[in-house]
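Only one structure is covered here, and it is reproduced in the block below.
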Protein chains: 2
Amino acid sequence: MATTAPPNPAPAPKRARRGSGAVTLHDVARLAAVAPITASRALNTPEQVSPEVRQRVTEAVAALGYVRNHQAGALASARSRLVAAVVPTLSGPVFGPMLQALTEALAERGYQLMLGQSGYVDSREDALLDAIIGRRPDGIVLTGVERSPEARRLLLASGIPVVETWDLTPAPLDLLVGFSHADVGHAVAQFLVQRGRRQLAVVAGDDERSRRRERAFCQAAAEAGLPAVRVIRVPAPTTLKRGRQALCQLCESGPAVEAVFCSSDLLALGVLTEAQARGLAVPAALAVVGFGDQDFAADLNPALSSVRIDGQAMGRQAAQFVVDRAEGRDIPERVVDLGFSLIERGST
Amino acid sequence: MATTAPPNPAPAPKRARRGSGAVTLHDVARLAAVAPITASRALNTPEQVSPEVRQRVTEAVAALGYVRNHQAGALASARSRLVAAVVPTLSGPVFGPMLQALTEALAERGYQLMLGQSGYVDSREDALLDAIIGRRPDGIVLTGVERSPEARRLLLASGIPVVETWDLTPAPLDLLVGFSHADVGHAVAQFLVQRGRRQLAVVAGDDERSRRRERAFCQAAAEAGLPAVRVIRVPAPTTLKRGRQALCQLCESGPAVEAVFCSSDLLALGVLTEAQARGLAVPAALAVVGFGDQDFAADLNPALSSVRIDGQAMGRQAAQFVVDRAEGRDIPERVVDLGFSLIERGST
DNA sequence: GTGAAAGCGCTAACAC
DNA sequence: GTGTTAGCGCTTTCAC
């Protein structure tokens, strides 16, 4: 067979092959002796395929060690089964529970999370959104409701379902799950007033949502006829140290402060720590309320009163929204107010 | 020209179109009056294209509001610019700083993070890995070095660069950045011995890495001729409450404990809190050492001694590894030991 | 520096 | 239930 040049050589490929050399669905189909599309159906919609074929395909997959290529599937079907989430930051405890629940709820339904961090700067969010939309996720989960005009334009033009979280607004981009920060501020102020505290203070992060809680808190205090609330703004991230420093500042000026509302439990722990270091009795002389109800709040000594936000429920609801949209289900209620609860403990 | 039926009508499409209707690179190319491949080059490798063409393409992109489709690009080029990371859990403070730095370092280089949570169960990791590999990321960042045989097989067969983190091993799958948990346990024990403590205890999470620190700690204590270390294992996640409970248990049995090494700062804060509640003087009667050096450790009262791990450096190094591999650069050192530092503060 | 052709690996649409 | 065909939107290869 090697004496002369073969008369009909296999036509030489005109160009080099490109493939990664990996096992493809075509290989599986060939081994199972079916058409590629049938192999595809056997994997994606097994009920559309006869049991024998299903079996043969399953065996071929195992024999070849085939792992599906979702990228190719996504391109062909225009469904990536990827969902993007954007949070300000991952260091810090705030968004962990939401992301955890979101990731899990998505994974259960066959979706994967893509994560981005916007920092607390608009321009970063815009660039990130561009990178994200370029990947054609089936949904985008965003933190907060404040967007640059450019971001709104990009999101709307993309046609991708968007879920805003951690806040409420009368004009959501699309879907929304959150709670009212103004109501939180109001509720905490009223609570402290009812407990007879008059010299109130706020230690707040400098992000928009903290400021909304702070403003509502001050307003409610004013409506109750209290002296002006003293406000200390601390830069992100809010830490124990900033809490200690804030209480120092409060102690050095004006009449003795009787209650502090902190925009995170870590800040509150700082206030508690500094109070202890100064021999200031909590709650007798000073009441402290945190925000977030981190798992450590309940077991501090004294236990910390805090505003509980159900981050996990927020994550699950966001996942539900996105998946419902991606799978074409009707969504009657596009806004979910998760509310909050003020948990009273030893620190008040 | 419009008097009769055109002799050569555009051939009617034989089937319905599928496209999403979105603007594609072809549209951009047409508007810029160049071939699609030229438009592609103008966006990806602008230096390969004349300034005029670059300009026309840029204008066309802006005019049409074009957003590139990375999925299609990934399929054609076999480079997704997606990197997967798998952590046990997102709730809890441990992996935040690493993920934050990883995400940022990747974003700077044009890569996007895909996130998965394995829980602390092997089978979940296997399923997750399958979902991840199906998305063809350019790299996979994993937590720890213990994998099921199935996971190893999948990863190796995929040919995707893998970075293991948060640990060391003589037999990494591929790339590795971490530190020695045994060395940590050893160092903390020695430190306490030198401070004259003899009745030692460990409060450890029940994950593999905590147990390795614990074992080395016990061994070092034994070598120093100390009485047996009392060990309390707590289930994940490690919380303040578990720390309080652990100290209660320790106080109820045996001789008075003189030093506790906790496998997280939150556990240590629990021990500190319970000690305070019981009137146990820290550090006079009881020394406490944490792990992780969360940002609150330094500002507690007393300040908490802890083992500092540079999670951000770990994230940056992992990003560097993955990107170097994805871009075909040579990697001379495939293992990076980041070490740790034992930070002495008021609690010891 | 620019372009034509040929896929990447998969699935929607339409037949049978 | 199964197969044929024709792409999804991009980039590789090769040619000028």
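Hydrogens, waters and symmetry mates play no part in the numbers below; they use all other heavy atoms, side chains included. Note on naming: letters A, B, ... go to the chains in the order of the sequence lines (proteins, then strands), and numbering restarts at 1 for each one.
- Put simply, the side chain of A:Arg54 and the base of D:dG1 share no donor and acceptor less than 3.5 Å apart.
- Comparing C:dC10, C:dG3, D:dG9 against the side chain of B:Thr38 picks out C:dG3 as the nearest.
- The distance from atom CZ of B:Arg68 to atom C1' of D:dC10 is 10 Å, rounded to the nearest whole Å.
- Pairing each heavy atom of B:Thr143 with each of B:Arg147, the nearest pair is O-NH2, 3.0 Å.
- Among the atoms of the strands shown, base atoms are found under 4.0 Å from some heavy atom of B:Ala72.
- One interatomic measurement links the two molecules: CZ of A:Arg41 to C1' of C:dG9, which rounds to 17 Å at whole-angstrom precision.
- Regarding A:Leu25, its CG atom lies at a distance of 14 Å from the C1' atom of D:dG3, rounded to whole Å.
- A close approach under 4.0 Å does not occur between any side-chain nitrogen or oxygen of A:Arg136 and OP1 or OP2 of D:dC10.
- Taking atom NE2 of A:His26 as the reference point, atom P of D:dT5 lies 13 Å away to the nearest angstrom.
- Considering every non-hydrogen atom in both B:Leu75 and A:Ala72, the closest pair reads CD1-CB, 3.7 Å.
- Between D:dT2 and A:Ser50, a contact under 4.0 Å exists linking OP1 or OP2 to a side-chain N or O.
- Contact annotation: B:Ser40 side-chain N/O to D:dT11 OP1/OP2 distance is under 4.0 Å.
- As a whole-Å value, the separation of B:Gln55 CD from C:dG1 P is 18 Å.
- Closest approach to the B:Ala35 side chain among C:dT11, D:dT11, C:dG3 is made by C:dG3 (side chain taken as heavy atoms from C-beta onward).
- Across the protein-nucleic acid pair, A:Gln71 atom CD and C:dT11 atom C1' stand 15 Å apart, rounded to whole Å.
- Protein atom CG of A:Leu75 is 12 Å distant from nucleotide atom P of C:dC10, rounded to whole Å.
- Between the side chain of B:Arg135 and the backbone N or O of A:His70, no donor-acceptor pair lies under 3.5 Å.
- The number of heavy-atom neighbours closer than 6.0 Å to CD of B:Glu327, taken from other residues, nucleotides and ligands shown, is above 12.
- Contact annotation: A:Tyr66 side-chain N/O to C:dC10 OP1/OP2 distance is under 4.0 Å.
- Atom CD1 of A:Ile37 and atom P of C:dC16 are 17 Å apart (whole Å).
- A:Gln100 places no side-chain N or O within 3.5 Å of a backbone atom of B:Thr89 that could act as its donor or acceptor partner.
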